[in-house]
Student: 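Below you will find the structure I want to go over with you.
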Number of protein chains: 2
Amino acid sequence: MSRTTIADVARVAGVSKATVSRVLAGQSNYIREETRQRVQKAVGELGYRPSDTARSLKSKRSCTLGVVGYGLEFYGPSCTISGIEQEASELGYTLLLHLIRQPETNNVEELLERMQSRYVDGIIWAVPEIGGNHAWLDDKKRWPSVPIIFLSTEPRPDRFVAAVDNYNGGLMATRHLIAQGCQHIGLITGPLDWWEARQRKFGWKDALESVGLPRKEGYVVEGNWSAISGEHGLTQLLSRYPEIDGVFACNDRMAVGALKMARQVGRRVPEDLAIIGYDDVQDAEYFFPALSTMRQDMVELGRLAVRKLGQVIEAKQNGATCPPEAVILQPELVVRASSLLRK
Amino acid sequence: MSRTTIADVARVAGVSKATVSRVLAGQSNYIREETRQRVQKAVGELGYRPSDTARSLKSKRSCTLGVVGYGLEFYGPSCTISGIEQEASELGYTLLLHLIRQPETNNVEELLERMQSRYVDGIIWAVPEIGGNHAWLDDKKRWPSVPIIFLSTEPRPDRFVAAVDNYNGGLMATRHLIAQGCQHIGLITGPLDWWEARQRKFGWKDALESVGLPRKEGYVVEGNWSAISGEHGLTQLLSRYPEIDGVFACNDRMAVGALKMARQVGRRVPEDLAIIGYDDVQDAEYFFPALSTMRQDMVELGRLAVRKLGQVIEAKQNGATCPPEAVILQPELVVRASSLLRK
DNA sequence: TCGATTTCTGAAATCGATTACATTTTATAA
DNA sequence: TTATAAAATGTAATCGATTTCAGAAATCGA
């Protein structure tokens with residue numbers, strides 16, 4: 001039993017396919033009220049629903065957004081995808097989802113082609129910028145003709161980007177520790193081939209410099225975002241510089257690792273050692289002590305990206321152009337016990 | 001500049017569209033080697049890629065799976081989607097993703113129709129079974145003609161289902177507490193209109209009954225999966241029955257809330273009170289004390305579902321039928337400090 | 001060398017919509 | 001009552017592939 005088609009409806013309503021199509025298109029496209037009703041009735045009786053596929057083929061639009069994502073097992077990316085879906089849904093788009101396992105994708109072309117061969121109206125590239133994995137962005141020849149927006153990547157003049165201000169996040173986190181009276185503030189960064197990690201590190205650096213606090217070489221340890229790397233990171237920091245009294249861990253997982261290690265080596269948090277993370281993962285306040293952190297609204301980031309992309313798509317359909325733009329979201333300091341005020 | 005089409009390739013190669021199509025279809029479809037090469041060459045030069053949309057229209061296949069999901073902000077569902085995508089990708093499918101905000105969706109038809117109008121080859125319904133939100137399953141008239149598999153729902157004779165054995169999970173968690181010497185074991189359940197929550201509760205109940213431990217009415221508190229509800233849950237349990245020395249919280253978030261509350265009211269965990277959660281969320285071992293829990297491999301669940309669905313699709317294409325089946329995955333006990341052995 | 005196969009290729013129909021263009025019907029003005 | 005413009009509908013081409021059917025070319029056995 002195959003789907004009912006527009007031809008079936010036309011037959012039942014006693015009109016041509018064109019008329020059915022016009023009725024369904026809405027708009028006051030020169031349709032007599034009486035005819036409209038006959039068609040509607042037939043549509044209802046047959047439970048007709050147009051084939052989106054056929055429609056896409058003809059119109060070269062699909063009301064679909066292609067999403068290329070990474071790291072869905074983690075909190076941030078999940079929220080981003082969720083936000084993307086929410087906004088897309090509200091705007092009438094469906095998502096074509098592709099997740100990549102290796103952030104250093106080299107089959108970019110293949111991916112873009114696949115989505116375009118499905119006539120997606122736009123693409124959201126939600127893969128963190130790591131090493132040179134976004135280099136293709138600078139090769140104009142490789143730009144797809146479909147609108148595309150990049151998430152969590154370094155803003156580029158000619159591209160649409162939506163990102164959180166990681167630099168400012170690092171700045172704020174570190175300033176908070178400073179305000180709490182920390183004198184020797186260590187840093188556990190994410191992998192430094194991540195753009196976001198570097199930004200947070202810059203923030204930390206500038207915060208220290210601006211108030212003239214010490215910043216020795218060994219104050220920085222590079223983690224890999226995992227909790228265990230946070231543990232190791234803290235161990236290293238403390239072994240090199242026992243005077244360290246504050247640590248900015250560049251994500252909550254590493255912060256939590258540091259928390260555990262601090263407990264293990266008998267440093268009281270926050271009395272001896274203030275710790276702040278980054279992300280504000282779910283239930284961050286239930287770690288012990290409750291984790292201070294930088295909240296970034298990844299759901300909103302996803303929504304923003306889709307909203308922007310929607311504008312670009314619409315503009316394009318009207319033959320207009322949107323000027324490329326970077327939408328930047330500010331993170332927010334969340335103070336909890338792990339960094340709270342010593343005198 | 002529009003895409004290059006099969007007609008372009010045909011022209012350049014000096015053959016008919018049919019021939020191009022045959023070459024691209026692979027198989028040894030009666031193509032002379034010389035012709036094949038001419039076509040391949042043209043394909044290469046033009047950078048031709050067939051339109052998946054046109055292809056779907058004609059063939060009524062799309063190499064796409066529709067996914068209806070829920071709760072992507074949470075760990076379990078995220079992993080499930082990730083697993084689905086992994087396996088789908090390996091099997092050559094792309095995903096059409098739709099997330100629902102209200103698990104009591106009433107626009108089931110609309111959703112199914114939308115996916116079918118895109119000729120998805122199969123559908124994965126990954127929405128938890130809550131209240132009567134799966135009642136439509138029992139109405140044969142509403143079954144879509146496309147293969148569909150349900151995740152985390154109660155197995156039904158005529159449907160494909162993939163789920164974790166929550167009953168056994170509850171049983172194992174509780175037995176573990178018993179083995180640790182707990183005599184009065186309370187339960188913080190998830191919302192009892194969730195099928196999964198009820199299953200875990202049954203497991204708890206049967207575990208207690210099978211060894212003749214007490215199971216008073218007030219040993220059960222209903223939470224809502226959130227950490228704060230775990231806090232409240234524990235408060236209630238202890239106020240009613242101070243003798244409680246073990247608690248099975250039906251997810252990690254509530255367990256973590258209980259952990260915090262226990263600390264707050266001065267009950268030592270695990271010495272005075274053993275606590276076990278459910279899910280094994282990321283970094284569960286970094287709570288304090290490290291959280292014992294039931295691990296369920298949601299990634300694998302997603303993969304399993306896709307694998308099964310793939311079989312069903314293939315069978316259908318060959319005119320065969322797969323017998324409906326429930327794929328059940330076993331959870332695994334993960335013992336950490338929060339429930340460890342007192343003598 | 002010729003007819004019978006087998007291999008190879010092309011023409012045209014098809015999938016299910018949209019839309020440009022043509023045509024008919026209705027309304028309006030002269 | 002016409003001529004004419006506007007409204008309503010239909011015809012047929014189109015989107016970009018696949019596939020049936022039929023015809024052409026190559027192969028083969030006698």
Side-chain angles (χ1 to χ4, degrees), chain A residues 1-40 42-43 46-64 113-114 116-121 317, chain B residues 1-40 42-43 46-64 113-114 116-121 317:
Chain A
M1 159 227 69
S2 67
R3 304 172 54 84
T4 59
T5 76
I6 198 171
D8 299 326
V9 177
R11 190 168 350 94
V12 170
V15 298
S16 71
K17 295 193 296 175
T19 301
V20 176
S21 180
R22 289 197 191 96
V23 169
L24 265 58
Q27 323 292 4
S28 65
N29 289 335
Y30 300 111
I31 293 288
R32 211 188 332 164
E33 185 52 27
E34 192 260 349
T35 310
R36 175 186 309 280
Q37 300 201 352
R38 261 216 325 282
V39 171
Q40 294 287 20
V43 167
L46 298 174
Y48 168 70
R49 149 131 203 169
S51 154
D52 282 333
T53 304
R55 199 175 264 191
S56 304
L57 177 59
K58 181 77 222 273
S59 65
K60 303 197 166 193
R61 294 202 46 193
S62 62
C63 291
T64 297
E113 293 240 316
R114 198 192 313 182
Q116 292 188 85
S117 97
R118 286 194 154 92
Y119 297 119
V120 297
D121 298 328
Q317 271 153 13
Chain B
M1 158 227 69
S2 66
R3 305 172 54 84
T4 57
T5 75
I6 197 172
D8 300 325
V9 177
R11 190 169 348 96
V12 170
V15 298
S16 71
K17 295 192 296 174
T19 300
V20 177
S21 179
R22 290 199 189 94
V23 170
L24 266 59
Q27 323 291 4
S28 66
N29 288 336
Y30 301 111
I31 293 288
R32 211 190 332 164
E33 184 54 25
E34 193 260 347
T35 310
R36 176 189 307 281
Q37 298 202 352
R38 262 217 323 285
V39 171
Q40 293 287 19
V43 167
L46 297 175
Y48 169 69
R49 148 129 205 171
S51 154
D52 282 334
T53 304
R55 201 175 262 192
S56 304
L57 177 59
K58 180 74 214 269
S59 65
K60 303 199 167 193
R61 293 202 49 193
S62 61
C63 290
T64 296
E113 293 240 316
R114 197 191 314 181
Q116 292 189 85
S117 96
R118 285 191 153 93
Y119 297 119
V120 298
D121 298 328
Q317 271 155 12

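Quick note on labels: first sequence line is chain A, next is B, and so on, each numbered from 1.
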Student: Is a side-chain donor or acceptor of A/Arg3 paired with a backbone partner of A/Arg49 at a separation under 3.5 angstrom?
Tutor: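 Yes: the side chain of A/Arg3 pairs with the backbone of A/Arg49.
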
Student: Specify the residue among B/Arg49 and A/Arg38 whose closest nucleotide of DNA chain D lies further upstream toward the 5′ end.
Tutor: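 Closest to the 5' end, via its nearest nucleotide, is A/Arg38.
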
Student: B/Arg55 has a side chain; which of D/dA8, C/dT9, D/dT18 sits nearest to it?
Tutor: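 Looking only at heavy atoms from C-beta outward on B/Arg55, the closest nucleotide is D/dT18.
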
Student: Using a cut-off of strictly less than 4.0 Å, decide whether A/Arg32 has a side-chain nitrogen or oxygen near OP1 or OP2 of D/dT9.
Tutor: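 Looking at the OP1 and OP2 atoms of D/dT9, one of them is under 4.0 Å from a side-chain N or O of A/Arg32.
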
Student: Can you figure out which of D/dT18, C/dG10, C/dA17 approaches the side chain of B/Val15 most closely?
Tutor: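 Looking only at heavy atoms from C-beta outward on B/Val15, the closest nucleotide is C/dG10.
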
Student: Would you say the side-chain atoms of B/Ser21 pair up with the backbone N or O of B/Lys17, donor to acceptor, closer than 3.5 Å?
Tutor: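 No; judged by distance alone, with no hydrogens or angles, the pair does not exist.
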
Student: State which of D/dC21, C/dA17, C/dA20 makes the closest approach to the side chain of A/Arg22.
Tutor: C/dA20

Student: Looking only at side-chain atoms of B/Leu57, point me to the closest of D/dG10, C/dT7, C/dC15.
Tutor: C/dC15

Student: Between B/Ser16 and C/dG10, does any side-chain N or O lie under 4.0 Å from OP1 or OP2?
Tutor: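 Checking C/dG10 against B/Ser16, a side-chain N or O does come within under 4.0 Å of OP1 or OP2.
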
Student: I'd like to know if the side chain of B/Ser51 reaches the main chain of A/Arg118, judged simply by a donor and an acceptor atom lying under 3.5 Å from each other, with no hydrogens or angles considered.
Tutor: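 Not confirmed, B/Ser51 side chain does not pair with A/Arg118 backbone.
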
Student: So if I take every side-chain heavy atom of B/Ser21 and compare against C/dG16, C/dT9, D/dT19, which nucleotide ends up nearest?
Tutor: D/dT19

Student: Check whether any side-chain nitrogen or oxygen of B/Lys60 sits under 4.0 Å from OP1 or OP2 of C/dG16, and answer yes or no.
Tutor: yes

Student: Nearest heavy atom decides the nucleotide; on that basis, is B/Ala54 or A/Leu24 closer to the 5' end of DNA chain C?
Tutor: B/Ala54

Student: Closest to the B/Ala18 side chain: D/dG16, D/dA8, C/dG10?
Tutor: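 The listed nucleotide nearest to B/Ala18's side chain is C/dG10.
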
Student: Assess the side chains of B/Ser56 and B/Thr53: does a donor N or O sit below 3.5 Å from an acceptor N or O?
Tutor: no

Student: Can you see if the side chain of B/Tyr30 gets near the phosphate of C/dC8 - specifically, an N or O under 4.0 Å from OP1 or OP2?
Tutor: no

Student: So, does A/Tyr119 get its side chain near the phosphate of D/dC15, meaning an N or O under 4.0 Å from OP1 or OP2?
Tutor: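 No, A/Tyr119 has no side-chain N/O under 4.0 Å of OP1/OP2 on D/dC15.
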
